[in-house]
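Only one structure is covered here, and it is reproduced in the block below.
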Amino acid sequence: MPTVAPLDLEGHVVSTHFLGDIPFFATAAGTIHRLDGGEKVTEAHQGLLTCIRDPFSATLISGGEDGKVLRIGHDGTTTVLAEVPRKWISVVAGGPQNAVAYAVGKSSIVRQNDGSVKEFTEERSVEGIAFAGKGLRIAAARYNGVSLHWVGTNAPAADLDWKGAHTGVTFSPDGRFLVTTMQENALHGWKLDGKAGENRHMRMTGYPAKVKSLSWSVKGKWLASSGAPAAIVWPFSSKDGPMGKAPMELGTRANIMVTQVAFHPAEEVLAIGFIDGMILGVRIADEKEALLRRPGKGAITGMSWSASGKLLAFSSEAGDCGVIDISA
Amino acid sequence: MTDQTTEAPAAKPIPVTVLTGYLGAGKTTLLNRILSESHGKKYAVIVNEFGEIGIDNDLIVESDEEIYEMNNGCVCCTVRGDLIRVVEGLMRRPGRFDGIIVETTGLADPVPVAQTFFMDDDVRAKTELDAVIALVDAKHLPLRLKDSREAEDQIAFADVVVVNKTDLVTPEELAVIEEIVRAINPTARIHKTTRSGVDLARVLDQGAFNLERALENDPHFLEHGHEDHVCGPDCDHDHGHHHHDHHHDHDHTCGPDCGHDHGHDHGHHHHSPGAVAAIHDITVKSISLRGGEMNPDRFFPWIQKITQTEGPNILRLKGIIAFAGDEERYVVQGVHMIVEGDHQRPWKDGEKRESRLVFIGRNLDFAKIEQSFLACQATAKTPA
């Protein structure tokens, strides 16, 4: 049994992320707690709505009820990147060359490292933003599809249309696929490298609940998702992605919903967090399960692996967080 | 700090009040009162624009109205996407407030707002629609109804209608306004006021949308000519929220302005516009159906079918159903195609076991609805 070092915080904890070997926990109240030779606290927001790990740098990016977008360093220092009075910032994304993007109403706003700002306006509210892995390009999830914008040009957006409300978006690590979460209980995917006229759509349906957590495996062979009483893991290794293929269902529990999924940074091992606070580790190859944490006080809201892959941090909506050492 | 704020967040759903009303009806004034008067409660307010709310409060959230059609082929299955996101954020720190108020724009359709609290599982798990309030400008209502369907929809959909600015009209004009409101919505509670001065206890924490609670609070709801009940400022009608008192209906005292009809009447009412039609065309109509004990094997397929086929035309439906051989009252309510029902409580001794159902909507074939409703009765002959 792996050992769990608990960290009990006050109230709902929105997410947890490792920067190197230091775990960070972001509370809805707006504090950032890090375990760096003892617990250290940064007052970041008056109400925090989102906190992500910048995939392109060793920093966190957060947005709050105070209309601020912050970058948070490994030592807890915060830099205000934007402030939009009276607006809630619940969508942020990190891009290459220290670029960040955030959504305000119907706009995606990209702020580059030199402080220059570019705004891309959609017809409907922007619900999710992701940067492509290469080039300075963003995808903005919105009602009835996704808009792709090159930040450096004024070219019109490339529109990926699919009826319904798209609430989040992610590029596959190799950039060949784009997947959205939807208001209905489904994912939608597009094959980005398809030939003209080719059917580029991937419908991924059958979830009993909304999908709120997605995680790509190392090298992007698999996409794991929450929204069911098991982690639903779609195969993306072939050139057509999961089209015509059934997903794997890992860590199935009778009627206990999966709320978070997080792939290991090096191995094809998936951490699965449940609504009752339990966490399982499952190896893709043989579907072997290991109990990493027993049920706790509330739903798992976030999980993050350390760079070494030996530690797994988790956050919960009831505040009972912790770090699991799987090397023990 | 009260006990309630230290309870586990999931313990009690947070009540949500939806505030509708045409431009100039007095919503901002009412909101300012809710935010500034001392009533011992804190509210988070979701508005479209801060506009004239002159009160600094970190629980006022500006949100862009964003209507999403659900991808299920049903045009009336709409939700407010922005509300889902804001409510999720608010509910992460529920100890900050006792309730949520959603202010809609003057032209807003109240339906997507209400349906959000039924169709989104996350929102539904943590909140409960308390009441839809419509503010009406007594002076300008006839004009509004002429030029917009939204004004009529807001009244038709409301649980509580506040007729505001009554000092700007004559008593005769006010009587006509009341008649219009009643013609559009026979089940709403009506309060008359000036300068949005309605008693906040008549607007907040009503438990009016949930029919089970509405019935607990007002046992005469859907009963004995409720359509004639208009509560004026002098009416002491106790809707009994919070201080639930089993005897409160016996203490019911109506002031001189209260036209509460204590008589019992039977049969159904077509709430046809009648004299009101002389002023404008009301397109929303309602029917109150009354029948005996129902056969569940007929009633459920019937209500399912009627809401599937007529859903877009049905704004609200509410009813109490007596099923043959069932010891408990069954309450049913709906918005467009969404229908919900549950057992409420055992029938009391001596209580007449009858079924009552009100439909409010447009282009509904009332004769056909009534005929098919009555055919669901346990005593009805099986249709040939």
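Chain naming here is simple, since letters A, B, ... match the order of the sequence lines and numbering starts at 1 in each. No experiment lies behind these values; they were computed from the predicted model shown.
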B:Asp122/A:Lys210 salt bridge by N-O under 4.0 Å criterion: yes
Going by heavy atoms in the side chains, are [X] and [Y] under 4.5 Å from each other?
X       : Y        : value
B:Glu66 : A:Arg124 : yes
A:Glu65 : B:Arg93  : yes
B:Glu69 : A:Tyr143 : yes
B:Ile60 : A:Arg86  : no

Verdict with supporting geometry, A:Gln183 and B:Ile84, side-chain contact (heavy atoms from CB on, under 4.5 Å): CA-CA 10 Å; A:Gln183 163 63 23; B:Ile84 294 170; 3.4 Å; yes
Taking every non-hydrogen atom, the tightest pair across B:Val61 and A:Trp88: CG2-CZ2, 3.2 Å
Closest heavy-atom pair and its distance - B:Arg85, A:Thr167: NH2-O, 3.7 Å
Best-contacting candidate, A:Ser125, A:Ala165, A:Ala186, A:Gly298, against chain B by heavy atom pairs under 4.5 angstrom: A:Ser125
Choice from A:Gly105, A:Gly164, A:Ser90, A:Gly11 maximising heavy atom contacts with chain B below 4.5 Å: A:Ser90
Over 12 non-hydrogen atoms of neighbours within 6.0 angstrom of [atom1] in [X]:
X        : atom1 : result
B:Glu340 : CD    : yes
A:Glu123 : CD    : no
B:Gln308 : CD    : yes

Straight-line distance of B:Ser63 OG to A:Lys87 NZ, nearest 0.5 Å: 7.5 Å
For B:Phe300, all residues meeting ring-ring contact (aromatic ring centres under 6.0 Å, His included), sequence neighbours excluded: B:Phe323, B:Tyr330
Part of A:Lys297 lying under 4.5 Å from any heavy atom of chain B: neither
Engaged part of A:Ala318 at the chain B interface, taking heavy atoms whose separation is under 4.5 Å: neither
Flag for A:Glu127-B:Tyr68: side-chain donor and acceptor within less than 3.5 Å: yes
Counterpart residues, salt bridge (charged side-chain N to carboxylate O under 4.0 Å, His left out), relative to B:Glu88 (two or more places apart): B:Arg92
Chain A contacts, top residue of B:Val79, B:Asp120, B:Asp82 (heavy-atom pairs, under 4.5 Å): B:Asp120
